**Student:** 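Have a look at this one.
Remember, predicted model here, so these are calculated numbers, not experimental data. All chains are named by letter (A, B, ...) in the order of the sequence lines, taking the proteins before the strands, and each is independently numbered beginning at 1.
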2 protein chains.
Amino acid sequence: METKILKKRSATLKEVAERAGVSLMTVSRVLNNRDLVKQDTITKVEAAVEALNYRPNILARSLAGGNSLVIGIVYHNPSSGYLSEILVGAMTACRELGHQLVLEDLSDGGGDIDPEVVTHRLQKMGLDGLLLTPPLSANSVLVQKLHDSNIPTILVGRQKTQYDFSTVSFNDQSAAFAMTQYLIELGHKDIGFIVGSIEQPFSGRRKDGFLQAMHHHNIYVNDAFIKQGDYTFKSGMEQGGELLDLENPPTAIFASNDDMAAGVIAAAHSRNLDIPNSVSIVGFDDTELSSAIWPALTTVRQPISNIAKNSIKLLHDNILTDIPKAASSTIIDTVEIIRRESAAAIK
Amino acid sequence: METKILKKRSATLKEVAERAGVSLMTVSRVLNNRDLVKQDTITKVEAAVEALNYRPNILARSLAGGNSLVIGIVYHNPSSGYLSEILVGAMTACRELGHQLVLEDLSDGGGDIDPEVVTHRLQKMGLDGLLLTPPLSANSVLVQKLHDSNIPTILVGRQKTQYDFSTVSFNDQSAAFAMTQYLIELGHKDIGFIVGSIEQPFSGRRKDGFLQAMHHHNIYVNDAFIKQGDYTFKSGMEQGGELLDLENPPTAIFASNDDMAAGVIAAAHSRNLDIPNSVSIVGFDDTELSSAIWPALTTVRQPISNIAKNSIKLLHDNILTDIPKAASSTIIDTVEIIRRESAAAIK
DNA sequence: GTGAAAGCGCTAACAA
DNA sequence: TTGTTAGCGCTTTCAC
């Protein structure tokens with residue numbers, strides 16, 4: 001069976017204009033700023049657009065418009081959940097705004113990245129702007145080099161701006177607050193907390209949210225209930241185990257990410273504890289792991305796609321808009337607690 | 001601190017031409033088919049390109065070339081690992097070939113998709129071609145509708161072509177063969193196998209690969225060692241438990257995906273079995289779960305990015321190339337066994 | 001309100 | 001081997 005598929009040229013502005021009996025420009029106006037056009041004409045044009053199933057050619061539009069950006073997304077060993085959401089969000093925003101995306105994968109087998117080399121490479125690529133994702137956005141040497149090289153950059157996942165770089169981040173603190181409050185509402189008072197790696201700025205934010213919620217509800221925070229992990233399953237298993245082995249163990253444990261929460265669950269399993277009836281366990285991030293394990297994990301999800309979308313729009317505004325602006329810090333705080341089976345009301 | 005960043009216009013072909021003292025076309029030729037240009041000229045042009053740090057404007061190139069495609073990636077509840085790799089691969093290939101990507105997320109809360117509606121929507125979008133990912137690519141009603149609607153499509157993850165649609169898939173069979181062989185080389189003969197959902201074409205392929213390897217090594221396959229799962233952690237835990245509770249249990253268990261393998265590991269843990277010394281457990285897919293759990297899972301990884309790249313290139317060729325061609329079936333068989341801690345030589 | 005002209009940065013087709 | 005012309009599909013600018 002031989003087939004030869006041919007790209008069927010789709011309708012152009014000109015064709016729509018001819019069919020509607022107006023000029024090319026009028027159609028363009030209807031599509032962009034319709035307020036300048038008479039209602040009658042709009043109707044005619046829209047009929048023609050509909051009839052021809054016209055779709056604007058983004059390439060031509062961006063080229064003629066002269067303000068299409070080439071934006072790089074720079075990442076380093078992200079989790080696939082994070083990466084896919086970033087990509088989906090960034091692509092969606094770029095499509096809307098007529099920009100192009102270029103991926104720059106700095107992932108490696110464990111070695112550190114060289115800010116000098118990376119910056120040089122990025123510079124040679126002729127990008128108009130960058131999205132720097134965590135953990136890179138926390139690398140101040142890299143950020144400084146990038147600044148020196150004059151590439152407009154958005155620091156994703158950070159809250160403090162640096163130089164004239166804006167940031168877009170998640171409100172980890174209020175998310176942790178909400179999750180803690182949820183546990184408190186379930187009747188828990190003895191709540192253990194496992195902190196994540198201290199290098200990550202958001203680790204502290206999550207801990208703060210937990211503490212604030214406890215204080216807000218006038219619940220005493222037992223120091224022995226706060227453990228230091230490093231975001232790995234193993235550290236969750238170890239630290240969770242220590243909490244569970246306490247003479248008066250907590251009735252609920254809040255781990256700073258899902259991997260550690262899964263570790264705590266494993267620790268509870270190995271002690272033959274019933275989850276959630278003997279101990280409630282909750283995580284953070286809503287990774288796939290959380291619904292893969294048993295019992296499925298109650299956790300809190302970040303709107304990563306949204307963060308990416310916002311970052312792209314911010315870059316767009318910063319570069320293309322005339323109004324002068326200061327470096328801004330956008331904090332997205334759509335908190336969504338995903339209730340699954342690992343947490344329950346205290347008995 | 002007020003800043004107003006401005007997009008700095010990058011060099012154009014014309015500027016390079018002027019600097020090199022040649023015509024615009026010569027520069028274009030150096031960039032595209034350099035064989036038509038004198039070596040001397042090439043050198044001059046390259047110097048100018050270098051000096052101006054010239055980067056071609058993809059938009060203009062695609063627009064002028066007249067063969068830029070708008071390609072849709074259609075997906076339905078993919079795992080994030082799968083999605084991110086598909087996106088990375090597709091974006092990379094599209095950038096090279098000058099095509100644009102549009103995402104079409106059909107994910108939902110559980111209901112079935114309506115092929116009629118989906119096809120209609122896709123048709124209205126004016127796409128030049130589609131990548132249909134699993135499980136959608138196995139939906140024959142959808143595939144048929146898509147065919148009727150005349151949108152060139154690549155079926156990702158299928159091996160049998162349908163209508164004139166080409167397919168690109170992973171060689172699950174040889175991967176399962178390789179993994180089984182690996183277990184055999186470790187000294188295992190009593191190997192349990194957990195099959196995945198029968199609706200998925202690749203479930204059968206993985207099982208076949210397992211059986212073939214066993215036969216190839218003249219090892220008797222005990223029917224009681226083959227269990228039916230459904231790709232969930234829970235089914236792995238249950239079926240794995242049954243295998244482990246057998247009077248003479250297998251010394252190794254091969255689950256058709258990582259989630260089930262993790263379930264088997266949980267089952268083994270709850271029976272106080274030492275992994276890998278009492279029982280080896282391996283998975284399939286190399287999802288993040290596999291390195292998150294303990295012990296880390298030995299598994300096999302699919303080159304999903306590559307599959308996406310190949311799919312885009314195939315679509316490109318099918319639509320843009322003059323030579324007539326039949327629907328083809330590309331099978332990528334780069335098998336990579338990831339050796340971690342969950343499998344060991346028999347004692 | 002609407003239209004005509006010019007041009008975004010590049011390549012295709014032809015000419016020299 | 002190199003240059004000239006036209007034009008991809010759209011927006012911008014300026015004219016009416």
Side-chain angles (χ1 to χ4, degrees), chain A residues 7-46 48-49 52-70 95 97-100 126 128 320 322, chain B residues 7-46 48-49 52-70 95 97-100 126 128 320 322:
Chain A
K7 173 166 158 48
K8 43 179 180 307
R9 234 185 32 71
S10 58
T12 69
L13 256 200
K14 198 170 156 220
E15 292 166 321
V16 175
E18 274 161 12
R19 183 172 180 121
V22 296
S23 89
L24 217 150
M25 261 323 293
T26 305
V27 182
S28 175
R29 284 202 188 89
V30 172
L31 264 37
N32 300 303
N33 11 251
R34 50 195 322 119
D35 358 336
L36 304 177
V37 188
K38 205 164 51 173
Q39 181 55 47
D40 244 35
T41 324
I42 294 187
T43 317
K44 270 194 300 186
V45 170
E46 282 184 333
V49 165
L52 274 61
N53 189 220
Y54 168 78
R55 305 281 133 199
N57 179 327
I58 301 207
L59 253 41
R61 180 177 274 185
S62 302
L63 180 60
N67 41 22
S68 171
L69 303 176
V70 181
R95 200 166 167 73
L97 301 170
H99 302 147
Q100 303 161 70
D128 297 309
L320 261 21
D322 272 348
Chain B
K7 173 168 159 46
K8 45 179 177 306
R9 234 187 32 72
S10 58
T12 69
L13 257 200
K14 199 169 155 219
E15 292 166 320
V16 175
E18 274 160 11
R19 185 175 178 117
V22 296
S23 89
L24 220 151
M25 262 323 290
T26 305
V27 181
S28 174
R29 285 199 188 92
V30 172
L31 263 39
N32 300 303
N33 9 254
R34 50 194 323 116
D35 358 337
L36 304 177
V37 188
K38 207 164 52 176
Q39 182 55 48
D40 244 35
T41 323
I42 295 187
T43 317
K44 271 194 300 188
V45 170
E46 282 183 335
V49 164
L52 273 58
N53 190 221
Y54 167 78
R55 305 282 134 197
N57 179 326
I58 300 207
L59 253 41
R61 179 178 275 186
S62 300
L63 181 60
N67 40 22
S68 171
L69 304 176
V70 182
R95 197 160 171 78
L97 300 169
H99 301 146
Q100 303 163 71
D128 298 309
L320 260 21
D322 272 347

**Student:** Who passes side-chain contact (heavy atoms from CB on, under 4.5 Å) against B/Ala11, sequence neighbours left out?
**Tutor:** B/Glu15, B/Leu52, B/Tyr54
**Student:** So, using side chain to side chain donor-acceptor pair (under 3.5 Å) as the criterion, who are the partners of B/Ser62 when residues are at least two apart?
**Tutor:** none
**Student:** Rounded to the nearest Å, what distance is computed from the CG atom of residue A/Leu69 to the P atom of nucleotide C/dC8?
**Tutor:** 18 Å
**Student:** How close or far is atom P of C/dG1 from atom CG of A/Asp35, stated in whole angstroms?
**Tutor:** 11 Å
**Student:** Tell me the interatomic distance from B/Leu63, atom CG, to C/dA12, atom C1', rounded to whole angstroms.
**Tutor:** 13 Å
**Student:** Could you list the protein-to-nucleotides 10-14 of chain D atom pairs, N/O on both sides, closer than 3.5 Å?
**Tutor:**
unit_1, atom_1, unit_2, atom_2, d
D/dC10, OP1, A/Tyr54, OH, 2.3
D/dC10, OP1, A/Asn57, N, 3.1
D/dC10, OP2, A/Leu13, N, 2.4
D/dT11, OP1, A/Asn32, ND2, 3.1
D/dT11, OP1, A/Arg61, NE, 3.0
D/dT11, OP2, A/Ser28, OG, 2.7

**Student:** Between B/Gly66 and B/Lys38, who's closer to the 5' end of DNA chain D by nearest nucleotide?
**Tutor:** B/Lys38
**Student:** What's the spacing between B/Leu320 CG and B/Leu69 CG if we round to 0.5 Å?
**Tutor:** 5.0 Å
**Student:** Starting the side chain at C-beta, find the nucleotide from D/dT2, D/dG9, C/dT2 nearest to B/Thr26.
**Tutor:** D/dT2
**Student:** So how far is it from A/Leu63 CG to A/Ser68 OG, rounded to the nearest 0.5 Å?
**Tutor:** 8.5 Å
**Student:** Rounded off to whole Å, could you give me the CG-to-P distance for the A/Leu59 and D/dG7 pair?
**Tutor:** 20 Å
**Student:** Side-chain N or O of A/Thr41 less than 4.0 angstrom from OP1 or OP2 on C/dT2?
**Tutor:** yes
**Student:** Between CD of A/Gln100 and CG of A/Asp128, what distance do you get to the nearest 0.5 Å?
**Tutor:** 8.5 Å
**Student:** Would you kindly give the CG-to-P distance between B/Leu36 and D/dG3, to the nearest whole Å?
**Tutor:** 13 Å
**Student:** Side chain to side chain contact (heavy atoms under 4.5 Å, CB included) with A/Val37: which of A/Ile42, A/Asn32, A/Val45?
**Tutor:** A/Ile42
